[in-house]
Every structure is written in structure tokens, then in C-alpha cells.
Undergrad: 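My questions all concern the structure below.
All chains are named by letter (A, B, ...) in the order of the sequence lines, taking the proteins before the strands, and each is independently numbered beginning at 1. Fair warning: this is a prediction, and the values are worked out from it, not measured in the lab.
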Amino acid sequence: MFARGLKRKCADHEEDMGGALAGFRAVPSYSLQRQSLLDMSLVKLQLCHMLVEPNLCRSVLIANTVRQIQEEMTQDGTWRVAAPQSTGRAPLDRLVSTEILCRSMREQDGVHPAPGMGDDHVLGPGSELSTVTSAQTPRDPQNSVWEMDSPRENRGNFQKSLDQIFETLETRNPSSAEELFSDMDSSYYDLDTVLTGVVSRAEPGPCDGLQGLPPVATPASSSSCKSDLGELDHVMEILVET
Amino acid sequence: GSLQSPPGRRPRSCRLRAPAPGPSSPFFGINCLCISLTADIISTVEFNYSGDLLATGDKGGRVVIFQREQENKSRPHSRGEYNVYSTFQSHEPEFDYLKSLEIEEKINKIRWLPQQNAAHFLLSTNDKTIKLWKISERDKRAEGYNLKDEDGRLRDPFRITALRVPILKPMDLMVEASPRRIFANAHTYHINSISVNSDHETYLSADDLRINLWHLEITDRSFNIVDMKPANMEELAEVITAAEFHPHQCNVLVYSSSKGTVRLCDMRSSALCDRHSKFFEEPEDPSSRSFFSEIISSISDVKFSHSGRYMMTRDYLSVKVWDLNMESRPVETHQVHEYLRSKLCSLYENDCIFDKFECCWNGSDSAIMTGSYNNFFRMFDRNARRDVTLEASRENSKPRASLKPRKVCTGGKRKKDEISVDSLDFNKKILHTAWHPLENIIAVAATNNLYIFQDKVN
């Protein structure tokens, strides 16, 4: 996907793009990349709840990354704004992952993102895209696996804020049995069922939940690190259903 | 080699001498001693205090111990080879019914106890349970029992007309491993470290949020000495990644965190080491800040030097040596694979950015070693200020042939023997390495291959 790691300052992209275009193209490209990183991180946090207890260090690091992005987007005010369409066709995988995140959002038509921390700012950038994606995303068996009936969906399986994610991690590590039973969040078990329907039950390997996916034809990727993107490519391919 | 300390002496008593550059430097003339193929992915490697034994733990919960062959004048070339000494199943997979989760049998760490008698003892741990194993040899068996036959059947007491004293007869060497203590149910989170104290009576075990202190004789209770769990789990932003006792001061320990910090604690100051005595953190370079800054600053391993004066930390891209008297910044920083800095986003996508590399000192603290990708490992000579990249692969490891240094091409025209960053195999990662405490012998775990390399001596 990206040849360079993301940098905070837009000026850092100038060297990639050439001086003349830098001012014009740097800002939207950075927002796109940042949004993509946010989406990727949220998917990672969900995928890590497999058979074995998730790696807490990894979850904390990803969650901190999400917090950083959210803070920056809140400061920029960009989480209210639609992602720019200047590139014409945004990467389909990004749209789909945003669509998954915003699925329940579409059900509640006309919800406005509230300022500050909370579930909504995750939905913000994607909500404007929801009408676009529902037209573009093919309806197929795999996509329908992600669709879940109302009550669990409305509890926001995929829109869980970081708080709720950690609360559920906490639930999984109860200090007493009472805590376990009182706070049991069954939506996570449903999520596991959903995920095991999509992905094969593979043993957690070096790339955890991403490794057990069936191989799919590789899409054209501009990544310069193709060999090491094998596993995530497979995830995205399944989501995109190429 | 010039770094070799006299056999039988503890490393800390030998003087450091800078090696002369060239073939006599320990980084040239490294050849492969032996390669061992294990059934499962190796997850930990550790020499014992004398270096005669090398223990490996794997993902299947097995421990394999190798023993160094004694010098044999009739077979000079086999000197120093490591052969399998003992294999046993340390941990089994378990199922936590309360949480509906599997507990992996993978051995996260092995630590040897100092040898006190003929038997060897080691601690091995998976995510939840630590076990103390006794490894003992049996090379004699008793014959001539009174109450039973040679094949073990009980003799009819009325048939016994005379008493005899059983005699010991030699038998083929048998190495037995038996679990002597099981330290369980003390960790809610996944154990990442164990460390034996210099008092040889206690040890610590650390998980993501807590560190417990145990007495080796007592299994039903442990003391919690560090607790990083926030009152509200929603506020969790930092976890413990590694912990170790000081090699000589039995009241001092360090633990590293996912935010790139190391805290040194003195157990004498309070029972619960919530307040650290020292806090080691290098200030961030604002010009290189990115969304991945915190992740790559996360420390995956911390190791005291044998002298106890320094400690080394491993983060994703570098190894840092710290003077325990200076908390503000490390005294040395060694880049392991700086060419990955521009690939961080891809490495985040494929989860490689979360790989936990270990690091180790040589016996005299003059050199350090750590692993990388593509089965590369890196060795840094602190005195001579040189480093080398070597590869652990069967094709390149001919017996008695020196390993060729490898080079990664970072841009521009690739030279003949160089490998480009995009060709690196990120599935071939060397996370675990160990250095013989006295000699220039190193053990490198490459997935399920154990390589033992030796510096060409004499």
C-alpha cells in the first residue's frame, strides 16, 4: 500500500510528489492515508479476538495509534468532513472497510456526529460515503456475513469505542467470577462466530488472525513490499470480493 | 579469539580488551558448528551458566536440551559440538473454561538456575504457568534385590533363604526430567519474562501488567511487586514488555514498557515497587515523529550486562546500551535495520511491526547481538565500533566455512551480493539468540532451525 510510513507533517510528502504539485496534492493524500490507517487499525482490533486471548501489548499499541489519529482528526476538524474525491476512485478496500464500520450508522439515518470522543467520530468521515458505498459494494454471500440483525448491530459491534474494546478485554480477564457474568458482552462471542465463518480457524501465527485466510488472486497493488503484504492482501481481497 | 575469557572463570572478572581489526576480530571467521531441526517453531533459547548446556523451548511446549561434547583428542573436529541431551514435554495446551479460551503451550522463556549439585534445574514458562524442572542423569542401576526378581516380579517371601546386598551396575546413560515445582494461578495476563535472582532463592515472573516475586520452594503464594493495571481498564495505555533482576544486587530489578521506557526498582524501598528508583527514557526526536513512533519505541527485551553496570534495550529498529547511572539517554545506539523505517506502514499492515526481538551480551560485555528478518542477525562490537550482518541459512552454513557478511541495499543500484529491502523475507525472522557465557559460541533460532556458530579459534 504505502511506500513510506505516514508522517504528521504534510510537508514531508513533498519529496515524494515533486515540488510543483506538493501544495495541491499533499493535504488530501495525507487525509486519505490517515483515514486508511484508522480503518486498518480498527479492523485489526476486531480481528484479534480469536481462539486464544489477544495479545494485550499489540492491542494497546493499536488502540494508542487509533487514539492519536482521532486526536489529530479532532484537532483538524477533519472527522466531520467527507474524504476528498480528488483522486476520483478511492481504493475500494478502504471504502468497504469504512462501510463495515458504518453499517449500523446507515440504519440510523441522519445521526450527526457529536464533537469530542465517543463512538461517533469514528463514523464521521465514513458517513458521507455510506450512500456511495452501498451502491458500489457488491452484494454477495461474504458481505452478507458481516450483516447482522438489529439488536447486536445497534449495540455497535464494529463501532465500539476504544473504551468498550478495553472494557471487553477487561471482561475477558475478570478478577472475580461475578464480574465475568455481570459484564459478559455476548456480542463479542457473536463476533467470533461471524469471524470464524469468514476466516478459517487457523492457529495464531506470526501474523495472528490474518494468516489463516484462504488465498485469493492478488489485486494490482502499488506496494513496493508485495512479498510481505501477502496476508493482509488476502484479508482485503475477501472484503473487497475481487 | 581475543575476547575469550579463561575457562572456568566468571566473565565479570576478565578485563575488556579491544580486539584487533581483521580476521582475528570475533566477527570474522564465524563458522557453523551444527544445525538442529526441531519439530516446532523455537520460541526461546538459553545457555546455562557454564555454557555446556543449551536449552530451547518451542511452540509445542517441548524443551530440548543440548549438551556440549567434551573435547576428544582423537576427533579434534568434533570438539564443541552440541548434541541432544534431553527432550521433554514441559507444558501442555490447556483450556480456560471460564473464559472459553485456549492457553497456549508455547514456551515463552527458559531460565537456568545456577548449578548446585549433579542435577540441573531450569524454569520454563508458558503464558500462565511456570515450572521448575530437574534434569538428572542416571548411569547406574541396582541389581540383586531381595524382594523382587530381575524383571521386577515380586518374589515369594517363603522362598527367600538368604539376604544379599544389591549392587550397582553401570547402564546406558539416561537423562530424566521431572517437574519439581509448578507455580500456577498467579497471572491474569500473559507471562513475558522470568528472571532468577542473584540470591538463587527467589525469582520474578512478569506479565503484561504485573510482576510477581516467588520463592523457589513455595508454589502456593507469590508477592506482587509491580502492578501497572489501571483502576479503569479503559485507561490502559501502557504494558510491561520485559523484566529482569540485576545480576549481582538481589534487591534491584528493571522492567520495560510498550512506551519505550525502563523503570528500575529497588525492593528495599517498599514492598510494592510502584515508585521506581530510576526512569530511563530517551527523549523523542520530533523530526521523525509519525503515527508509528510509539509502536517502534516499544521495548521488546531488556538485558543487564554481565558486569551489572549497563543494560541493553531492544526496540523495533535499534538496540540501545544504557549506563545505569544515566537515565536521560542511552550511551550507545545501534541501528539494526534502519532501512525498515520507510516501510513501517506495510510492516504495520502485516503485523511485523509487533515482532518482539530479543538481544544478548557476550560474556565480556564487549559485544551484543540481535536478530532481524530474512534470517539475518546482527552483531555489534562495542569496542571496535564495528558491526556485521550474518545470515542463518543452510545454504550458507557449510561446516568450517566462514559466514559471509550480508548487506541490504537501501536504494540506488544494487551491488552484486546485496539484497534489496523489497526482497527480504519477513516470515524468516530471528527473534531469539543466545551467547555462550564464556566463549564465542552463539545460538541462533531461525523458525524451527537451531544454528550454533563458533568463532574460529586456533
Undergrad: So which part of Tyr348(B) gets closer than 4.5 Å to some heavy atom of chain A, the side chain, the backbone, both or neither?
TA: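 Contact with chain A involves both backbone and side-chain atoms of Tyr348(B).
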Undergrad: Walk me through whether Leu56(A) and Leu209(B) qualify under side chain to side chain contact (heavy atoms under 4.5 Å, CB included).
TA: CA-CA 9 Å; Leu56(A) 189 61; Leu209(B) 294 177; 4.2 Å; yes
Undergrad: Determine whether Val60(A) and Glu238(B) satisfy the following criterion, side chain to side chain contact (heavy atoms under 4.5 Å, CB included), listing intermediate values before the conclusion.
TA: CA-CA 7 Å; Val60(A) 167; Glu238(B) 188 176 12; 5.8 Å; no
Undergrad: Hey, what do you get for CZ (Arg289(B)) to CD (Gln68(A)), rounding to the nearest 0.5 Å?
TA: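 That separation rounds to 4.5 Å.
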Undergrad: For Ser297(B), check side-chain hydrogen bond (donor to acceptor under 3.5 Å, both in side chains) against everything at least two apart and list the hits.
TA: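 Per chain and number, Ser297(B) pairs via side-chain hydrogen bond (donor to acceptor under 3.5 Å, both in side chains) with no residue.
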Undergrad: More than 12 heavy atoms of other residues, nucleotides or ligands under 6.0 Å from CZ of Phe223(B): yes or no?
TA: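 Atom CZ in Phe223(B) is not packed in, count stays at 12 or less.
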Undergrad: With a 4.5 Å heavy-atom cut-off, do His190(B) and Cys57(A) have their side chains touching?
TA: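 Contact flag for His190(B)/Cys57(A) side chains = no.
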Undergrad: Got a sec: does the NZ of Lys259(B) have more than 12 other heavy atoms crowding it under 6.0 Å?
TA: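 Atom NZ in Lys259(B) is crowded, with more than 12 foreign heavy atoms closer than 6.0 Å.
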Undergrad: Kindly determine whether Leu37(A) and Phe292(B) satisfy side chain to side chain contact (heavy atoms under 4.5 Å, CB included), including the steps that lead there.
TA: CA-CA 10 Å; Leu37(A) 183 64; Phe292(B) 306 109; 3.8 Å; yes
Undergrad: Using a 6.0 Å distance limit plus a 45 degree cone around the ring axis, check whether Lys44(A) lies over the aromatic ring of Phe354(B).
TA: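 Ring-cation test returns no.
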Undergrad: Decide if atom CG of Asp96(B) counts as having more than 12 heavy atoms of other residues, nucleotides or ligands within a radius under 6.0 Å.
TA: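 Yes, CG of Asp96(B) has more than 12 neighbouring heavy atoms, counting only those of other groups under 6.0 Å.
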Undergrad: Using 0.5 Å steps for rounding, measure from the CE atom of Met40(A) to the SG atom of Cys345(B).
TA: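 Spacing of CE (Met40(A)) from SG (Cys345(B)) equals 4.5 Å.
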Undergrad: Please flag which part of Ser298(B) lies under 4.5 Å from any non-hydrogen atom of chain A: side chain, backbone, both or neither.
TA: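 Side chain of Ser298(B) only, per the 4.5 Å heavy-atom cut-off to chain A.
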Undergrad: In this structure, which one of Asn64(A), Thr65(A), Ile62(A) forms a side-chain contact (heavy atoms from CB on, under 4.5 Å) with Ile295(B)?
TA: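 The option that passes is Thr65(A).
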